[in-house]
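Notes to accompany the following structure.
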Amino acid sequence: MPLELVTIPCLQDNYTYLLHDPASRKTAVVDVPEVAPILKELLRREWLLSDILITHHHDDHIQGVDELRGVTGARVWGAEADRQRLPRLDWSLWAGDEVRVGRESGTVIDVPGHTRGHIAFHFPDSGLAFTGDSLMAGGCGRLFEGTPAEMWSSLTKLAALPPATVICSGHEYTASNLRFAATIERDSPALAARTARVAEARAAGRPTVPSTLAEELATNPMLRAALPSVKSAIGLPDADDATAFAEIRARKDRF
Ligand code: ZN
Ligand code: FE
């Protein structure tokens, strides 16, 4: 039985996710921007929280962790590389390590770029990936602590997951990400169609996450930097992939 996924809006524009294994009744949450909306959802579903997974150290992803642990007794999992600036970890993780939610296991993928110790979680059996502020809907996180080459390598790892993978990312930035995407690929029908879907969702107050990797591959300019048509569109037809990505990410910073 696949894991059940619940998307919870938090703060201004953050998202957190519940992952529930119906067989074992274990439930995990990925990042804790604030506690109240998570507790409300757990209560409503009569789910007990067993695990808290952390993608990276920024406040808007961890500030509720200690309080939520106090209320639920859940175990906290995060990157060993960032141990000093994360809440106290019960389990620390390196790339390739396994995390378990009930009977299903996920793999830790190292995705530095936004921050040095940023990790993602991939649950292959349920086809879910939790990418935090690395790969985002229509874009990627800003490079606060990493180089463009590091982020490009992180995105390349995520791009290699099965295209049907559901991408659970950390923020509602999709509309503006797609507005930027249209400055790179001006005549993309896939982008136009996604932009329309996103506008409709926002008008109805619905989240635009999760997305699928297939959608991201078709429309997210940060994943499309290696395409000859994209390199030409940014005036760098002969650039290597990481350089083309660096140019696109730099343009987004100025957008
Ligand atoms: Zn962040
Ligand atoms: Fe964030």
Side-chain angles (χ1 to χ4, degrees), residues 5-19 28-38 52-68 76-87 89 92-93 95 108-122 128-155 157-158 166-180 198 202 207-211 216 220-223 245-246 248-250 252-255:
L5 178 72
V6 179
T7 304
I8 307 174
C10 289
L11 306 175
Q12 284 295 65
D13 56 27
N14 279 78
Y15 287 110
T16 180
Y17 299 90
L18 296 180
L19 250 185
V29 67
V30 184
D31 290 342
V32 189
E34 60 177 329
V35 172
I38 297 172
I52 298 170
L53 312 185
I54 298 173
T55 62
H56 70 292
H57 76 88
H58 284 156
D59 280 349
D60 61 313
H61 297 257
I62 65 169
Q63 60 201 8
V65 167
D66 284 326
E67 185 186 345
L68 188 61
V76 179
W77 307 69
E80 173 64 29
D82 259 348
R83 176 185 276 285
Q84 327 83 309
R85 46 187 191 171
L86 292 176
L89 300 178
S92 64
L93 301 165
V108 174
I109 306 175
D110 239 340
V111 289
H114 178 67
T115 64
R116 268 192 308 283
H118 200 308
I119 54 177
F121 303 95
H122 178 223
L128 300 170
F130 297 88
T131 58
D133 293 355
S134 60
L135 174 60
M136 305 178 84
C140 73
R142 243 173 219 274
L143 304 181
F144 288 118
E145 299 174 7
T147 64
E150 281 169 332
M151 180 60 104
W152 176 249
S153 145
S154 298
L155 294 176
K157 291 179 215 172
L158 296 169
V166 171
I167 302 295
C168 306
S169 54
H171 289 272
E172 184 59 64
Y173 295 161
T174 320
S176 91
N177 284 343
L178 296 183
R179 267 198 307 281
F180 169 72
V198 162
R202 293 315 290 154
T208 63
V209 299
S211 57
E216 300 306 334
N220 185 331
M222 304 301 173
L223 288 186
F245 167 74
I248 295 171
R249 184 57 256 186
K252 177 64 167 56
D253 290 344
R254 299 191 298 263
F255 178 67

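In each ligand, atom 1 is the first atom listed, and ligand 1 is the first ligand listed.
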* Is there a donor-acceptor pair closer than 3.5 Å between any side-chain N or O of Thr16 and the backbone N or O of Val30? -> yes
* To do: Look at the side chain of Ser153 and the backbone N and O of Ala149, then say whether any donor-acceptor pair between them is shorter than 3.5 Å.
  => no
* Sequence-distant partners of Pro87, side chain to side chain contact (heavy atoms under 4.5 Å, CB included), two or more places apart -> Ile54, Ile62, Val65, Asp66, Arg69
* **Total protein N, O or S atoms, the Zn ion (ligand 1), separation less than 2.8 Å** => 4
* Under 6.0 Å between ring centres, would you say that holds for His61 and His171? -> yes
* Asked: Looking just at side-chain N and O atoms, do His57 and Glu145 make a donor-acceptor pair shorter than 3.5 Å?
  -> yes
* Any idea how many protein N, O or S atoms are nearer than 2.8 Å to the Fe ion (ligand 2)? -> 4
* Asked: Going by heavy atoms in the side chains, are His58 and His114 under 4.5 Å from each other?
  -> yes
* To do: Side-chain contact test, heavy atoms from C-beta onward, threshold under 4.5 Å: evaluate it for Phe255 versus Arg179 and give yes or no.
  => yes
* Any salt bridge (charged side-chain N to carboxylate O under 4.0 Å, His left out) pairs touching residues 130-142, not counting sequence neighbours? -> Arg142-Asp253
* Structure fact -> When rounded to the nearest 0.5 Å, the distance separating CH2 of Trp77 from CD1 of Ile119 is 10.5 Å
